[in-house]
Protein chains: 2
Amino acid sequence: MPIELTASQALGLWHGAALDQVRHDDRDLTLRQMAILLHIYLVPPPHTVRGLAATLDVTKPVITRALDTMGEMGLVDRVRDDADRRNVIIKRTVGGALYLEKLGDLIRDQARRLRI
Amino acid sequence: MPIELTASQALGLWHGAALDQVRHDDRDLTLRQMAILLHIYLVPPPHTVRGLAATLDVTKPVITRALDTMGEMGLVDRVRDDADRRNVIIKRTVGGALYLEKLGDLIRDQARRLRI
DNA sequence: GGAAAATGGAACGTTAGCGTAACGATCTTC
DNA sequence: GAAGATCGTTACGCTAACGTTCCATTTTCC
């Protein structure tokens, strides 16, 4: 049975990681974009616009625009689904993997600092 | 000596908490705004525009605009410093405390789910 | 085959973010 | 007290976000 996080530890972790991320990377993602990005990389594919919209409880254009922006940043990619050509399959990229790898490191550093 | 977070745990924690936060709150803060908000609430005052800009390594207008927006959202407040009237002291609000309390709960829930 | 449904995106007007540069107000220095 | 430095904000032109609505393409269902 692990020891539970205190409120102070939870927010301290978030604070430190957010701060480090802001300091070392110019790309200022919104929480929505971040949730989309993480979902794409952590949940087994395939991922579609409609599916992400339902998952995040936002409208489809929100997803489309987030993918536009993050695509421009090199964090995600889009490919038409050949099985059902109405669908667009969202793909991972090397840039996105690197971005999240770095974020993961920052979070782990904070956890270490806070002795979580 | 605590067990260290794995990369998967770190990102999974961030993913789950970001997702829940997006789902239950319309206010879509950027990572910069979030870092500012957390800094104000977790680091002892006083907080100034200049100080925050230096801490986050961003320009002053970025802080001013973030405070405008978050002030409108009821998350922070601003007061002129009577000791040096060039300064503006950034104050905490009930709304901001509630927002972060909720965020902390979401993070802790995720940590519990991931058995961190 | 033809109607209906579903998907992702575009269009519209609005709002909010950015960096750079300038501003008025205030304090410090001489 | 005048000159300069410092503080937060505003202005500018631009980019990107929003919600709503509508649309072209593709699939499904009789």
Side-chain angles (χ1 to χ4, degrees), chain A residues 18 21-37 39-40 45-92 95-96 99, chain B residues 18 21-37 39-40 45-92 99:
Chain A
Q21 178 69 16
V22 166
R23 285 201 264 234
H24 101 276
D25 196 312
D26 291 275
R27 292 171 291 193
D28 185 33
L29 299 189
T30 67
L31 201 58
R32 286 180 175 182
Q33 292 173 332
M34 190 146 264
I36 293 169
L37 187 63
H39 203 76
I40 294 166
H47 298 290
T48 65
V49 173
R50 173 152 183 81
L52 288 172
T55 299
L56 301 212
D57 193 24
V58 296
T59 61
K60 286 187 296 175
V62 166
I63 305 296
T64 294
R65 279 185 292 248
L67 294 179
D68 286 346
T69 304
M70 292 193 293
E72 199 71 31
M73 292 175 176
L75 300 178
V76 297
D77 197 10
R78 277 185 278 199
V79 175
R80 272 282 165 199
D81 181 4
D82 275 329
D84 183 341
R85 299 192 53 74
R86 290 173 304 182
N87 291 341
V88 162
I89 306 295
I90 294 113
K91 300 284 210 182
R92 302 165 186 174
Y99 182 91
Chain B
Q21 178 69 17
V22 166
R23 285 200 265 236
H24 103 274
D25 196 313
D26 292 272
R27 293 172 290 194
D28 184 34
L29 298 189
T30 68
L31 199 59
R32 286 179 175 183
Q33 292 172 334
M34 189 145 264
I36 293 169
L37 186 63
H39 202 78
I40 294 167
H47 299 290
T48 65
V49 172
R50 170 150 185 83
L52 288 173
T55 299
L56 301 213
D57 193 22
V58 296
T59 61
K60 285 188 296 175
V62 166
I63 305 296
T64 295
R65 279 184 292 250
L67 295 178
D68 286 346
T69 304
M70 293 193 293
E72 199 72 31
M73 292 175 175
L75 300 177
V76 297
D77 198 10
R78 277 184 278 199
V79 176
R80 273 280 164 200
D81 180 5
D82 275 329
D84 183 340
R85 297 192 53 74
R86 290 173 303 180
N87 291 340
V88 162
I89 305 295
I90 293 114
K91 299 286 209 181
R92 301 165 186 175
Y99 182 92

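Quick note on labels: first sequence line is chain A, next is B, and so on, each numbered from 1. Worth knowing before you read on, the calculation uses all heavy atoms, side chains too, and leaves out hydrogens, waters and symmetry mates. Quick caveat: nothing in here was measured; it's all calculated off a predicted structure.
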Could you tell me the separation between the NE2 atom of B:His39 and the CG atom of B:Leu52, rounded to the nearest 0.5 Å? 6.0 Å

What pairs meet the side chain to side chain donor-acceptor pair (under 3.5 Å) rule with one or both residues in residues 27-36 of chain B, with sequence neighbours excluded? A:Asp28-B:Thr30, A:Thr30-B:Asp28, B:Asp25-B:Arg27

Between B:Val58 and B:Ile36, is any pair of side-chain heavy atoms under 4.5 Å apart? no

Rounded to the nearest 0.5 Å, how far apart are CG of A:Leu29 and CG of A:Leu37? 6.5 Å

Spacing between A:His47 atom NE2 and C:dG8 atom C1', to the nearest angstrom: 17 Å

For residues 77-85 of chain B, which side-chain N or O atoms pair as donor and acceptor with protein atoms under 3.5 Å away, sequence neighbours left out?
from, atom 1, to, atom 2, distance (Å)
B:Arg78, NH2, B:Asp68, OD1, 2.4
B:Arg80, NH1, B:Arg85, O, 2.9
B:Arg80, NH1, B:Arg86, O, 2.9
B:Asp81, OD1, B:Ala83, N, 3.0
B:Asp82, OD1, B:Arg85, NH1, 2.9
B:Asp84, OD1, B:Arg86, N, 3.1
B:Asp84, OD1, B:Arg86, NE, 3.2
B:Asp84, OD2, B:Arg86, NH2, 2.9

Under the side-chain hydrogen bond (donor to acceptor under 3.5 Å, both in side chains) test, which residues partner B:His47, sequence neighbours left out? none

If I take atom CD from residue B:Gln21 and atom CE from residue A:Met34, how far apart are they, to the nearest 0.5 angstrom? 13.5 Å

Taken to the nearest whole Å, CG/A:Asp28 to P/C:dC18 is 6 Å

Could you tell me the separation between the CZ atom of B:Arg32 and the P atom of C:dA16, rounded to a whole number of Å? 18 Å

In Å, rounded to the nearest 0.5 Å, how long is the span from CD1 of A:Ile63 to CE of A:Met70? 8.0 Å

Contacted region of DNA chain D by chain A, from 5' end to 3' end of the hits, cut-off under 4.0 Å to heavy atoms, spans D:dA16 to D:dT27

Would you mind reading off the distance between A:Arg27 atom CZ and C:dG19 atom C1', rounded to a whole angstrom? 19 Å

Contacts to DNA chain D from residues 55-77 of chain A, heavy-atom cutoff under 4.0 Å, which residues? A:Thr59, A:Pro61, A:Val62, A:Arg65, A:Thr69

Summary of protein contacts for nucleotides 25-30 of chain C, nucleotide by nucleotide, where a base hit scores B, a sugar-phosphate-only hit scores S (4.0 Å, heavy atoms): -BS---

State the CD1-CD1 distance between A:Ile89 and A:Ile40, to the nearest 0.5 angstrom. 11.5 Å

Salt bridge (charged side-chain N to carboxylate O under 4.0 Å, His left out) partners of B:Arg23, counting only residues at least two apart: B:Asp20

So what does B:Thr48 hit on the nucleic acid, given a heavy-atom distance under 4.0 Å: a base, only sugar-phosphate, or nothing? sugar-phosphate

Not counting sequence neighbours, which residues clear side-chain contact (heavy atoms from CB on, under 4.5 Å) with A:Arg65? List them please. A:Pro61, A:Val62

